[in-house]
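We count residues from 1, following the sequence as given.
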Amino acid sequence: MSIVKSGSATYKPLGKSGKGSISTETGALTNQPYGFNTRFENGKGTNPEELIGAAHASCFTMALSFALADAGYENGELSTTAKISLDKIDDGFQISQSALSLTAKIAGIADDEFAKIAQHAKDNCPVSKLLDTRITLDVTLENS
């Protein structure tokens with residue numbers, strides 16, 4: 001089984017003065033602006049790192065949700081933020097880290113069991129496997 005989803009981007013004119021737009025197949029994003037000012041300054045619009053962060057947070061959170069359900073937990077709430085670090089390296093840039101920060105409310109789960117399930121979800125969600133970078137996970141498990 002293979003699932004294929006798509007996104008698209010345009011950019012013109014070239015270089016720092018250019019402006020682009022990003023769209024997704026589903027229409028969740030349609031001609032969303034991006035460019036130098038949205039990536040390196042505080043311009044209005046989006047940027048690749050923000051989109052990767054949303055993709056990683058949502059993939060990890062869904063993987064963890066399914067893993068917890070498979071372990072017999074039915075009630076809970078998960079909230080994840082992924083902070084993507086873009087660092088200047090020599091003549092270019094490199095994404096050096098995705099820092100996942102999770103807050104979870106899961107009734108009746110022990111800390112060590114939760115940590116094991118969360119670590120497995122971090123290591124095995126498809127976006128984690130795609131990213132060739134350091135991935136960290138900070139967890140807050142609240143009593144519910």
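- Within a 6.0 Å sphere centred on CG of D87, other residues, nucleotides and ligands contribute more than 12 heavy atoms.
- Sorted by first and then second residue, the side-chain hydrogen bond (donor to acceptor under 3.5 Å, both in side chains) pairs with a member in residues 58-69 read T61-T80; sequence neighbours excluded.
- Atom CG of L141 sits about 7.0 Å away from atom CD1 of I109, to the nearest 0.5 Å.
- Atoms CD and CG, on E113 and L68 in that order, are 8.0 Å from each other to the nearest 0.5 Å.
- Once rounded to the nearest 0.5 Å, the distance linking CG of L130 with OG of S98 reads 11.0 Å.
- Side-chain atoms of L78 and L102, non-hydrogen and from C-beta on, do get closer than 4.5 Å to each other.
- Residues passing the side chain to side chain contact (heavy atoms under 4.5 Å, CB included) test with Q32, sequence neighbours excluded: L29, T46.
- Under the side chain to side chain donor-acceptor pair (under 3.5 Å) criterion, D138 pairs with no residue at all, not counting sequence neighbours.
- Here C59 contributes atom SG and I52 contributes atom CD1; the two are 13.0 Å apart, rounded to the nearest 0.5 Å.
- If you chain together hydrophobic residues whose side chains sit under 4.5 Å apart, I135 and L51 never meet in one group.
- Here the shortest heavy-atom pairing between G53 and A82 reads O-CB, 3.4 Å.
- Counting only residues at least two apart or in different chains, salt bridge (charged side-chain N to carboxylate O under 4.0 Å, His left out) contacts with residues 35-50 comprise R39-E49.
- Between the side chains of T38 and N47, not a single donor N or O lies within less than 3.5 Å of an accepting N or O.
- Taking 4.5 Å as the limit, every side-chain heavy atom of I95 sits out of range of all side-chain heavy atoms of L131.
- Partners of K5 according to the side chain to side chain contact (heavy atoms under 4.5 Å, CB included) rule, which considers only residues two or more places apart in sequence or in another chain, are I3, E25.
- Here T103 pairs with T140, E142 under the side chain to side chain contact (heavy atoms under 4.5 Å, CB included) rule; sequence neighbours left out.
- Remark: F60 pairs with no residue by the ring-ring contact (aromatic ring centres under 6.0 Å, His included) rule, at least two apart or across chains.
- Residues near V4 contribute nothing to a hydrophobic cluster around it, because no ILVMFWY side-chain heavy atom sits closer than 4.5 Å to its side chain.
- Counting only residues at least two apart or on different chains, the side-chain hydrogen bond (donor to acceptor under 3.5 Å, both in side chains) pairs with a member in residues 118-129 are H56-S128, Q119-D123, H120-N124.
- In this structure a side-chain-to-backbone donor-acceptor pair under 3.5 Å is present from T133 to Q97.
- In the hydrophobic clustering, where aliphatic and aromatic side chains (Ile, Leu, Val, Met, Phe, Trp, Tyr) are joined below 4.5 Å either directly or transitively, F66 groups with M62.
- Between the OG atom of S96 and the CD1 atom of I89 there is a distance of 7.0 Å, given to the nearest 0.5 Å.
- Residues G76 and I106 share a closest heavy-atom pair of CA-CD1, 3.8 Å.
- The ring pair (Phe, Tyr, Trp, His ring centres under 6.0 Å) pairs that include a residue from residues 2-50 are Y11-Y34, F36-F40, F40-F93, where partners are two or more places apart or lie in different chains.
- At a threshold of 4.5 Å between side-chain heavy atoms, the hydrophobic network of Ile, Leu, Val, Met, Phe, Trp and Tyr places I84 and I22 in two separate groups.
- Residues satisfying the side chain to side chain contact (heavy atoms under 4.5 Å, CB included) test with N31, not counting sequence neighbours, are S21, S23.
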